[in-house]
Amino acid sequence: METKEWKFRGNIDLKSASVFSIARVIGDVKTNLNQSDQRPIIPLSIGDPSIFPCFRTAQVAEDAVVDALRSSNFNGHAPKGGALQARRSLAEYLSCNLPYKLSPDDVYVTVGAKQAIDVVLSALRRPDANILLPKPGYPAYEALSVINRLEVRHFDLLQEKDWEVDLNGLQKLADDKTVAMVIINPGNPCGNVYTRDHLKKIAETARRLGILVIADEAYGHLTFGSNLFVPMGLFGNIAPVLTLGSLSKRWMVPGWRIGWIARSDPDGIFEEQGIVECIKRSLITHTEAATFIQAALPQILEKTTDDFFVKIINILRQDADMCYERLKEIPCFRCLQKPQGSLFLMIKLDLSQLQGINDDMEFCSKLAKEESVILLPGFVLRMKNWVRVTFGIEPSALEDGLARIKAFCLRHASKC
Ligand SMILES: *Cc1c(COP(=O)(O)O)cnc(C)c1O
């Protein structure tokens, strides 16, 4: 047969978007694991505490899902944008820290916070538009910006100022095509929690620039330090805010795939600018969250008691303290700050203190090989020669992992 020139090719946008995938890089690190190591693998790379019994979700949450499923009332299609009961309970839940009340119309149910990111970015897309993303941040924003054809510009988070937004730098990046900025609070990957004062300054900056704030609060309420969690929606009267969240992290059920978008915009600017319409249209093109999880949402949000949250926070505080105390004794680690929220912290590697390790990927690969401990190399977060540590695991496993990291660093320490 004669050779044929086929006209189809893979989508180059998807190829370049996959560069920003944590899962892909962790897969690469894991190829180094030594199969004959009898010890358990310690996963300090990805934030999924649900695999550990101590982080099992609240019983009322499980019961709510079972009851909804067994009722057989929720086997049909879900309404676009979410079931009314689910939106009503979310509006109530998200209003509790705000000076005004959200209505069910201000809230949309999504398939986790990840889909919320996609929906919002697709609603914002315009020719030549750009978006300001934090560095370091959450790589899904880069990937989904590429797919939604938004130009990405990175502003710095300032390590020496507790990872606050570099607002001066941010203003220099913005131009008349800038549409939005993203903040992640409590912070992934830095474990920081912004003060009310800083959030207000962010809102004022956004107002000056005429842009909206996308507030990723996937770790909302998961704080255990001195800074309390303050929702960005508090400043929706200064600049309009789209808040993204989900059950995944606070309830430790990332597989349930339920999240939300909430508009904090008391002045109705989103409506005026056509954003509300576009979010609704975008939701029509996306899949809905599973009906029985939506049906369980009111029970989950209203009936989960403080004992569950307090128990989780206490374990995370113990984990964060242990992580900080043990890692700060290790000479090749720099810029370590005690995390105040989320499940993560960032550490800078001082490679001059290590022999035969030339970058963050090599550090993580050798650590996986020799100690069966998985860390995330910082380059995927645009922080070359840093590593991200996830401490949200069972404390005894964390202790084991930290001891192995220390042994590894001592073994590779450069001899002076
Ligand atoms: C985990 C995470 C998400 C996605 O959450 P899902 O609800 O599991 O889709 C979004 N943003 C940040 C910062 C996250 O860490």
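Order of appearance sets the numbers: ligands from 1, and atoms from 1 within every ligand.
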Engineer: To the nearest 0.1 Å, how far is atom 13 (C) of ligand 1 from its closest protein heavy atom, and which atom is that?
Structural biologist: Asp216 OD2, 3.4 Å
Engineer: Polar contacts were defined as any N/O atom of the residue lying under 3.5 Å from an N/O atom of the ligand; does this apply to Lys249 and ligand 1?
Structural biologist: yes
Engineer: Could you check atom 5 (O) of ligand 1 against the protein and tell me its nearest heavy-atom contact, residue, atom and distance included?
Structural biologist: Ala113 CB, 3.5 Å
Engineer: What protein heavy atom lies closest to atom 15 (O) of ligand 1? Include the residue and the distance to one decimal.
Structural biologist: Tyr219 OH, 2.7 Å
Engineer: Picking from Val165, Thr178, Val152, what satisfies side-chain contact (heavy atoms from CB on, under 4.5 Å) with Leu132?
Structural biologist: Thr178
Engineer: With atoms numbered from 1 as shown, which atoms in ligand 1 lie under 4.0 angstrom from a non-hydrogen atom of Gly112?
Structural biologist: 7 (O), 9 (O)
Engineer: Before signing off on this row, confirm whether Ser248 and ligand 1 have an N or O atom pair separated by under 3.5 Å.
Structural biologist: yes
Engineer: Any idea which atoms of ligand 1 are less than 4.0 Å away from a heavy-atom of Ile184?
Structural biologist: 13 (C)
Engineer: Do Phe309 and Trp251 have ring centres separated by under 6.0 Å?
Structural biologist: yes
Engineer: Please report whether ligand 1 has a polar contact with Pro254, defined as an N or O pair separated by less than 3.5 Å (distance criterion only).
Structural biologist: no
Engineer: Test side chain to side chain contact (heavy atoms under 4.5 Å, CB included) on Ile26 and Val380 and set out the steps.
Structural biologist: CA-CA 10 Å; Ile26 290 174; Val380 67; over 6 Å; no
Engineer: Does the side chain of Tyr100 pick up a donor-acceptor pair with the side chain of Asn237 at under 3.5 Å?
Structural biologist: no
Engineer: Output yes when Arg404 and Glu370 qualify as a salt bridge under the 4.0 Å nitrogen-oxygen rule, no when they do not.
Structural biologist: no
Engineer: Taking NZ, NE, NH1 and NH2 as the nitrogens, is one of them in Lys101 or Glu92 under 4.0 Å from a carboxylate oxygen of the other?
Structural biologist: yes
Engineer: Taking only non-hydrogen atoms of Gln115, do any sit less than 4.0 angstrom from ligand 1?
Structural biologist: no
Engineer: Please determine if Asp321 and Lys338 form a salt bridge, counting it only when a charged side-chain N lies under 4.0 Å from a carboxylate O.
Structural biologist: yes
Engineer: Taking non-hydrogen atoms only, is Ser246 closer than 4.0 angstrom to ligand 1 via side chain, backbone, both or neither?
Structural biologist: side chain
